[in-house]
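Down below is the structure, laid out as structure tokens.
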Amino acid sequence: MVRPTQLLHSQREPAPVRAAATVLLLRDTPEGIEVLMTRRSASASFAPGAYVFPGGRIDEGDTTARAIATRRRTQSRVQLTQAIAAVRESFEELGVLLAHHADGRPVSAEEVAAMDRSTASTTVAFADQCAQRGLQLSTDRIFTFAHWITDRDLPKRFDVPFLVAKMPEGQTPTADETEQFEPCWVRPADALERHAAGSFFMIFPTVRTLERMVAYPTVDAVLDACAHRAAGEGPLWTSCPRAGWLAGKEARYMEHESPFGELAMVSPDGQIVHPLDWQSEHAVPLLKNVQRLTAPNPSAMTGPGTNSYIVGDADSGYIVIDPGPNDFDHIGRLWRATQGDIRMIVCTHSHADHSPGALPLQKLCKTQPPILGLASAPTARSTARFTPDRVLQDGERLVLTAPAISDTGETRVPAHTLRAIHTPGHAANHLCLLLEEDGLLFSGDHILNGSTTVVDPPDGNMDAYLASLDKLDAACAKGGVGFILPAHGYVIGEARAAIAQLKAHRLKREAKIEAVMRQLPNGTPEEWLPLAYDDVPERMWPVAARSLAAHVERIRQAAKP
């Protein structure tokens, strides 16, 4: 866990969340699903002028309507209350009533029109009106599609299930002209297109929900996906987005998107302060004791470039991790970012975009800091030869000390401790580094953000790679690691979950390769590749061929008696 003293921005308590519910009323058309949307008042305190789905806050009194609400066996009491709130809100705002008579007859448009929406300001009034007419709320036909929690940076926040239901036959939505205006039916794809064109403003959760809705051909397909979720009743996803700055604008991201982990580490309480633009001109502070300088070597293999990390501060001096390629400007920027006070240079492995900058950076420093790492193995390519000044032992600790005042005077105490973890697989001499005080894992190329690393025999080995993933998972569990800082891409959050997902992806790919090998037992790797990597762009197949070779080697080794 990151020490609070190392956070760049003052801690604060985000605004509390309020329970609310919204419902996507859906109908089928020959052109596909349409969803009912309405425009919020321009003077609304939350999302003014935005096109939204009907909904609002859950009132304490919503529980009183349970007596007239129908319930599925698998529907929890919380879900039932959320559904009741959604029924009430859709009635109050749009005059649409999800209800039926006790004998199953649907509510007619005339019956709905006879009810008083103006006095429906309390749940009791609404429930009483329904009860007096012998109506039951059709809450058993309402399912949870998504669960959104308003971003931490906003002053008004809600905890909102996005529910889905089929629009009742024969009813016509009519806006209350107070909170909601201009009800309209729209295909999700059309709403997204109009939003992108600037003529149909929607907030982030609405946009992302409609993006998922596009995949469903019919209303029944949506309801079926919700009703038969593998994990049981509940949302298909849950998200509390985070925001940063990209190209001078606020940009929001969900948990599965690349920048999310970095925003969680740099600004855990949600302040929109962190720049996400990739550049190589200056080091980006991630914490008070961690900076990232990205080398100017973007490519299909390196993503935005190779990340060099600077660990430490002015009191302790600095350790540079992966000085990168031998690029004059990049090396100069590393030297300036550390004021030349570099105590150690560590290379996670010997590849050409990681280690060649070590020697020229060392020569710039007056103290000639040692270059540490593992020597390249005989299996390494000629472009990946590397010999450190000193070999790092597995588990060895590199300590930066800082001055501290005690009763006996000034002394120096450990401030930043990096522990080496040998992780062969991507390369035979690969290692990772764990910053113990802050629970950070510098993963080199072993774990990347946005792509999977290449395992290229003979220097790369898939057995060793998977074993190293297990080793890192154990180290993360023991060391309380929350974030992974890769050599390419943004910081990754939820370290252990990321490792588990990566291992599962590798094993799934291996199972696919093994199936293709059984399908074409006399085939060649060139013939297996298009079938095993049919979900990968063809331009990446030459790279994928290397990892395929590593998987094939592992499969054949396992098959030996």
Side-chain angles (χ1 to χ4, degrees), residues 1-3 7 14 144 146-149 151-152 159 205 208 212 229-232 234-244 252-270 274 276 286-287 290 292 303 307 309 348 419 421 423 425-426 430 432-453 455 462 465-512 535 547:
M1 182 177 180
V2 173
R3 289 170 289 181
L7 293 173
T144 309
H147 177 197
W148 288 96
I149 303 166
D151 316 27
R152 298 161 185 81
D159 186 319
R208 289 305 180 86
R212 300 283 186 98
R229 192 179 74 125
L236 301 184
W237 77 90
T238 298
S239 181
C240 179
R242 291 183 177 275
R252 298 191 184 274
Y253 300 93
M254 294 171 65
E255 286 77 355
H256 68 280
E257 295 177 296
S258 293
F260 188 90
E262 182 157 320
L263 294 169
M265 187 181 84
V266 177
S267 184
D269 299 326
H274 186 61
L276 293 166
L286 299 175
L287 297 170
V290 178
R292 178 184 64 216
N307 294 330
Y309 291 102
T348 61
R419 175 160 55 90
I421 305 172
T423 52
H426 170 66
H430 197 285
C432 297
L433 296 156
L434 198 160
L435 182 55
E436 295 186 331
E437 290 86 354
D438 297 300
L440 305 180
L441 178 69
F442 296 89
S443 64
D445 275 358
H446 203 80
I447 300 171
L448 306 177
N449 190 340
S451 63
T452 53
T453 194
V455 179
M462 192 59 71
Y465 181 82
L466 294 171
S468 292
L469 282 181
D470 290 338
K471 186 176 183 180
L472 289 177
D473 180 61
C476 289
K478 186 175 181 180
V481 173
F483 298 96
I484 298 172
L485 286 71
H488 304 282
Y490 296 112
V491 174
I492 303 168
E494 300 293 336
R496 295 193 66 199
I499 292 171
Q501 185 177 17
L502 178 56
K503 183 176 180 181
H505 172 78
R506 285 289 190 186
L507 294 176
K508 184 178 179 181
R509 178 70 68 190
E510 184 163 291
K512 189 172 182 179
D535 56 338
S547 290

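Nearest heavy-atom pair, Arg152 versus Gly270, reported as atom, atom and distance to 0.1 Å: CB-CA, 3.9 Å. Taking every heavy atom of both residues into account, Met462 and Ser547 meet most closely at CE-O, 4.2 Å. The two atoms that bring Ile447 and Pro486 nearest to each other are O-CB, 3.2 Å, heavy atoms only. In this structure, Thr423 and Cys432 approach most closely via the heavy-atom pair OG1-SG, 3.5 Å. Among all heavy-atom pairs drawn from Tyr309 and Leu286, the shortest one is CE2-CD1, 4.1 Å.
Under the salt bridge (Lys or Arg N to Asp or Glu O under 4.0 Å) criterion, Glu257 pairs with Arg208, sequence neighbours left out. In terms of the salt bridge (Lys or Arg N to Asp or Glu O under 4.0 Å) criterion, residue partners of Glu436 (sequence neighbours excluded) are, by chain and number, Arg397, Arg419. Qualifying salt bridge (Lys or Arg N to Asp or Glu O under 4.0 Å) partners for Asp438, counting only residues two or more places apart in sequence or in other chains: Arg3.
Using a 4.5 Å cut-off on side-chain heavy atoms (C-beta onward), Cys476 and Phe483 make no contact. Side chains of Leu7 and Val2 form a contact here, defined as non-hydrogen atoms less than 4.5 Å apart. Residues Arg229 and Thr144 have side chains not in contact (no heavy-atom distance under 4.5 Å, counting atoms from C-beta outward). Side chains of Tyr465 and Leu502 form a contact here, defined as non-hydrogen atoms less than 4.5 Å apart. Proximity of Ile499 to Ile484: side-chain heavy atoms (C-beta onward) are separated by under 4.5 Å at one or more points. Contact check for Leu472 versus Leu434: no side-chain heavy atoms found under the 4.5 Å cut-off. Between Arg506 and Val455, the closest side-chain pair of non-hydrogen atoms falls below 4.5 Å. Using a 4.5 Å heavy-atom cutoff, the side chains of Tyr253 and Ser258 are not in contact.
Thr453 and His426 share a side-chain donor-acceptor pair at under 3.5 Å.
Between the CG atom of Asn449 and the NE2 atom of His488 there is a distance of 11.5 Å, given to the nearest 0.5 Å. Atom CG in Leu276 sits 4.5 Å away from atom OH in Tyr490 (nearest 0.5 Å). Atom CD1 of residue Ile149 and atom OG of residue Ser239 lie 8.0 Å apart, to the nearest 0.5 angstrom. To the nearest 0.5 angstrom, His147 atom NE2 is 3.5 Å from Asp159 atom CG. Within the model, atoms NE2 of His256 and CD of Glu494 stand 15.0 Å from one another, a figure rounded to the nearest 0.5 Å. Between atom CG of residue Asp473 and atom NZ of residue Lys503 there is a gap of 8.5 Å, rounded to the nearest 0.5 Å.
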**Message:** Let's go through Leu236 and Arg212 carefully: what are the C-alpha distance in whole Å and the side-chain angles of both, what is the deciding distance for side-chain contact (heavy atoms from CB on, under 4.5 Å) to 0.1 Å, and is it a yes or a no?
**Reply:** CA-CA 10 Å; Leu236 301 184; Arg212 300 283 186 98; 5.6 Å; no
**Message:** Glu255 vs Thr238, test: side-chain contact (heavy atoms from CB on, under 4.5 Å). Steps then yes/no.
**Reply:** CA-CA 9 Å; Glu255 286 77 355; Thr238 298; over 6 Å; no
**Request:** Apply the test side-chain contact (heavy atoms from CB on, under 4.5 Å) to residues Met265 and Val290: give CA-CA distance (whole Å), side-chain angles for both, the deciding distance (0.1 Å), then the verdict.
**Result:** CA-CA 11 Å; Met265 187 181 84; Val290 178; 5.6 Å; no
**Request:** Give the intermediate values and the outcome of side-chain contact (heavy atoms from CB on, under 4.5 Å) for residues Leu440 and Leu287.
**Result:** CA-CA 11 Å; Leu440 305 180; Leu287 297 170; 3.7 Å; yes
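Classified by interplanar angle (parallel below 30°, tilted 30° to 60°, perpendicular above 60°), the ring pair His446/His430 is tilted.
A distance-only check finds no donor-acceptor pair linking the side chain of Asp269 to the backbone of Pro14 [under 3.5 Å].
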